Structures are given as structure tokens and as C-alpha cells.
Amino acid sequence: MTEESIYRAVRVTAGPHGWGGPLTILPVPGRDLIYSVTGSGIHPVARRIAELTGGVPFDGFQSKRDFEEIAVAIIDCGGTARIGIYPMKGVMTIDVHPTQPSGPLFRFIKEELFVSGVSEDDIELVEMDESGAVIEAVSAGDEDETLRDKAGHLLAAAREMKDEAVKKSGFLKRIFGGQE
């Protein structure tokens with residue numbers, strides 16, 4: 001992602017017979033991998049999350065990355081190892097199978113870190129406030145235009161604030177001495 005990239009948030013809910021969640025996924029710089037560990041390339045659920053959030057889809061079977069770089073791990077585990085590995089490391093985990101906490105690492109599988117039975121239909125784009133709380137879902141028809149508009153306004157406001165700070169620092173240097 002470039003410096004000017006803007007990440008968006010999605011809410012992922014448990015599918016039929018699934019368990020856990022809902023999870024709100026919001027990639028951030030340095031922790032933006034949508035890590036697909038399904039053995040079939042980038043799983044459609046991972047692809048959809050990456051598309052909506054601006055995160056980076058990554059095939060975790062082809063190559064490995066540090067847990068700290070993973071925004072969310074998408075797995076297809078029936079309930080032994082992968083189901084608990086990522087939650088144990090504090091990584092939000094989505095299982096495409098409708099599993100519940102089980103296996104040797106079941107104690108790490110908590111609703112705030114894990115959701116199962118997920119399909120592409122269980123993912124929705126959401127808006128968040130400054131504190132990180134979800135304030136509303138964005139309807140599918142409005143998502144591109146709404147996000148582009150908001151992203152453009154936020155980027156313009158950030159550039160304006162930066163320009164103003166640069167002007168003020170130059171003014172202070174002239175008054176108090178110092179090199180520009």
C-alpha cells in the first residue's frame with residue numbers, strides 16, 4: 001500500500017451453524033495482510049475482504065510472514081491446529097468451515113478473535129468513528145462512491161493540516177531564529 005492508501009473496515013459475522021464474532025477487520029500500515037491459509041491460493045473470502053478493505057491478499061501456504069503483519073487469517077480448518085494457532089498469537093481468524101472451539105488450543109479461541117462458517121455473504125463494509133466503534137454499514141451500491149468521497153475529503157484535510165503546520169514552523173523559525 002502506498003503512503004496515501006486508505007484502509008476501510010469490514011464486519012464479518014458467523015455464517016449458518018458458525019460460531020464467534022462478529023469481527024471488525026481494519027488493516028493498518030504494517031499489519032495489512034489478508035492471510036489466506038486454505039491451501040487453495042487466495043480463498044474467495046480473503047479476496048473479498050482484501051477488495052473491500054484495501055488490505056493485501058497473501059497466500060500463507062506459498063510463503064510465511066510474521067504474525068504481527070497479519071490483519072486477519074482466513075483458514076479452512078475442521079478443528080485441530082490452525083483453528084487455534086492464529087487466535088493464540090492474537091490474530092483475528094476466520095474459518096470458512098462452521099467450527100466451534102476445539103482441539104488442543106481451544107482455550108485461545110474467543111469470540112472477539114474468531115468467527116466461523118463464513119462465506120462472502122457474511123462480510124459487509126462498515127464505517128467507524130474515531131474511537132474504532134462501528135457506526136454504520138455501507139450499502140453495497142453506495143460503497144465505492146461514498147468511500148471515494150470520504151477518502152478524498154480526509155486526504156485533502158490531512159494535506160491542508162500538514163501545509164498549515166509547515167507554514168507555522170517557518171514563521172516560528174523566522175521569529176525565534178533558526179535555520180529553514
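Just so you know, these numbers come straight off a predicted model, no measurement behind them.
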Distance-minimising heavy-atom pair for [X] and [Y]:
X	Y	answer
Glu112	Met92	O-CG, 4.3 Å
Cys77	His97	N-CD2, 3.7 Å
Pro27	Ile34	CG-CD1, 4.2 Å
His43	Val96	CE1-CG1, 3.5 Å
Ile74	Thr38	O-CG2, 3.8 Å
Arg8	Gly54	NH2-N, 3.7 Å

Nearest-0.5 Å distance that lies between atom [atom1] in [X] and atom [atom2] in [Y]:
X	Y	atom1	atom2	result
Gln100	Phe114	CD	CZ	9.0 Å
Ile83	Thr93	CD1	OG1	9.0 Å
Ser36	Ile70	OG	CD1	11.0 Å
Leu125	Arg48	CG	CZ	8.5 Å

Can you confirm whether [X] sits close enough to [Y] that some side-chain heavy atom of one is under 4.5 Å from a side-chain heavy atom of the other?
X	Y	answer
Ile49	Ile94	yes
Thr13	Val115	no
Val91	Leu113	no
Val118	Asp95	no

Please identify each residue that fulfils ring pair (Phe, Tyr, Trp, His ring centres under 6.0 Å) with Phe58, with sequence neighbours left out.
-> Tyr35
Any donor and acceptor pair, going by atom type alone, linking the side chain of Ser116 with main-chain N or O of Thr99 inside 3.5 Å?
-> yes
Does the Asp122 side chain pair with the main chain of Ser119, one donor and one acceptor, at a distance under 3.5 Å?
-> yes
Give every residue pair that meets the salt bridge (Lys or Arg N to Asp or Glu O under 4.0 Å) criterion with at least one member in residues 52-77, sequence neighbours excluded.
-> Arg65-Glu69, Asp76-Arg82
Residues, nucleotides or ligands: over 12 heavy atoms within 6.0 Å of Phe106 CZ | no
Derivation and outcome, side chain to side chain contact (heavy atoms under 4.5 Å, CB included), residues Thr24 and Val10 | CA-CA 6 Å; Thr24 302; Val10 293; over 6 Å; no
Evaluate the criterion side chain to side chain contact (heavy atoms under 4.5 Å, CB included) for residue pair Leu26 and Thr53; output intermediate values, then yes/no.
-> CA-CA 7 Å; Leu26 177 61; Thr53 64; over 6 Å; no
Near-ring test Phe67/Tyr86, centroid separation under 6.0 angstrom = yes
Verify the cluster assignment for Val37 and Ile42: are they in a single hydrophobic cluster under the rule of side-chain heavy atoms below 4.5 Å apart?
-> no
Ion pair present between Arg11 and Glu124, side-chain N to carboxylate O less than 4.0 angstrom?
-> yes
Give the C-alpha distance, both sets of side-chain angles, the deciding distance and a yes or no for side chain to side chain contact (heavy atoms under 4.5 Å, CB included) between Glu111 and Trp19.
-> CA-CA 8 Å; Glu111 290 179 324; Trp19 183 89; 3.6 Å; yes
